[in-house]
Asker: 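This structure is in structure tokens; I'll ask about it shortly.
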Amino acid sequence: MLTKLGYSQHMQPVATDGVAGGAARSSQLLSRADWGARVPKEVNYFEGPAPYVIIHHSYIPAACVTTPDCMRSMREMQDFHQVDRGWNDIGYSFGIGGDGLIYTGRGFNVVGAHAPKYNDKSVGIVLIGDWRTELPPASMLQAAMDLIAFGVAKGYIDPSYKLLGHRQVRDTECPGGRLFQEISTWPHFTQLNTTAEVQPVANKI
């Protein structure tokens, strides 16, 4: 579980004293301020708990290893989403770095921009990197599972949530074939009627 004990609806988690990995398999959640996030243009909340958790990969930026590089990757994604695409903020609820740390994006119970038709009822978690053929490091996978468990424990995620890969709700390779294969073994993974759910788009990441 996450080493922190609180989380603010204003997306400013309290400081944590744990580190990712280790015998306790605990994960650390960093605030937006920690990675230098720009202020969102607008924040729209939805009533929780979220019934869905949707897993993504970034494709670009590529996998990061050090915390400074992962923080840079978060800023690059925010720049792309907020500046280039004109969105309110980075599209994802949270990011997971190759350093095993969890980076707060839009946060819990905030309408995202990561999965059409699910943005107002899901937690979108992006694992930074291209996971089409390679499996993310164990620390990244553990951090994602810790984040989900934390969300359930704090009431942000429904205990009976459905776990999905991005490709199940949109025509995309995301979260990458290898990562999708992995999450299909996780608790709460759910198959959908893709013919009814998929929304075709040109962007394949």
Side-chain angles (χ1 to χ4, degrees), residues 7-13 29 31-32 35 37-61 73-96 102-128 131 144-145 147-148 150-152 154-176 179-180 183 186 188-205:
Y7 187 91
S8 167
Q9 284 294 76
H10 298 291
M11 298 183 288
Q12 291 298 324
L29 175 59
S31 72
R32 291 171 60 89
W35 58 268
R38 188 185 294 105
V39 175
K41 298 176 183 177
E42 185 177 357
V43 180
N44 298 301
Y45 296 98
F46 65 86
E47 187 175 349
Y52 295 95
V53 174
I54 301 179
I55 303 296
H56 303 258
H57 75 166
S58 64
Y59 181 66
I60 298 172
S73 293
M74 289 294 293
R75 292 192 296 270
E76 288 175 358
M77 287 189 288
Q78 187 186 38
D79 287 345
F80 177 54
H81 293 169
Q82 194 178 47
V83 178
D84 296 352
R85 290 191 165 180
W87 297 351
N88 290 334
D89 198 357
I90 188 171
Y92 309 109
S93 308
F94 297 92
I96 308 290
I102 302 165
Y103 295 85
T104 302
R106 296 200 183 195
F108 289 116
N109 297 138
V110 177
V111 178
H114 61 90
K117 295 188 176 182
Y118 290 83
N119 287 320
D120 60 353
K121 52 179 172 283
S122 67
V123 177
I125 303 173
V126 61
L127 278 66
I128 300 172
W131 307 118
M145 290 186 282
L147 176 60
I148 294 169
F150 172 78
V152 171
K154 302 301 289 185
Y156 296 118
I157 299 174
D158 192 304
S160 60
Y161 71 91
K162 293 178 174 62
L163 177 70
L164 304 173
H166 188 201
R167 62 173 60 185
Q168 292 176 273
V169 299
R170 194 166 192 176
D171 182 18
T172 175
E173 292 183 339
C174 181
L179 178 55
F180 183 72
I183 66 169
W186 291 9
H188 295 265
F189 177 78
T190 304
Q191 293 287 358
L192 292 179
N193 179 355
T194 55
T195 58
E197 297 289 344
V198 169
Q199 300 296 313
V201 291
N203 190 341
K204 297 292 185 178
I205 63 171

Asker: Sequence neighbours left out, what passes side-chain hydrogen bond (donor to acceptor under 3.5 Å, both in side chains) with N119? Give chain and number order.
Answerer: none
Asker: Restricting to non-hydrogen atoms, name the atom on F189 and the atom on Q168 that form the minimum distance, rounded to 0.1 Å.
Answerer: CE1-OE1, 3.4 Å
Asker: Looking at M77 and S58, what are the two nearest heavy atoms and their distance?
Answerer: SD-CB, 3.8 Å
Asker: Tell me the closest heavy-atom pair linking P175 and H166, and the distance in Å.
Answerer: CD-N, 3.8 Å
Asker: Just so I know, are the side chains of V83 and R38 near enough to count as touching, which here means a heavy-atom distance under 4.5 Å?
Answerer: yes
Asker: Give me the atom names and distance for the closest heavy-atom approach of M74 to I90.
Answerer: CE-CD1, 3.8 Å
Asker: Under 6.0 Å from the NZ atom of K121, do we count more than 12 heavy atoms belonging to anything else shown?
Answerer: yes
Asker: Ring centroid separation for Y161 and Y156, is it under 6.0 angstrom?
Answerer: no
Asker: Would you check, one step at a time, whether the test side-chain contact (heavy atoms from CB on, under 4.5 Å) holds for I55 with L127?
Answerer: CA-CA 8 Å; I55 303 296; L127 278 66; 4.2 Å; yes
Asker: Taking all atoms of both residues into account, what is the closest heavy-atom pair of Y52 and L164, and its distance?
Answerer: CD2-CD1, 3.7 Å
Asker: In Å and rounded to the nearest 0.5 Å, what is the CD1 to CD distance from I60 to E76?
Answerer: 10.0 Å
Asker: Should L147 and F108 count as side-chain neighbours, where that means a heavy-atom distance under 4.5 Å?
Answerer: yes
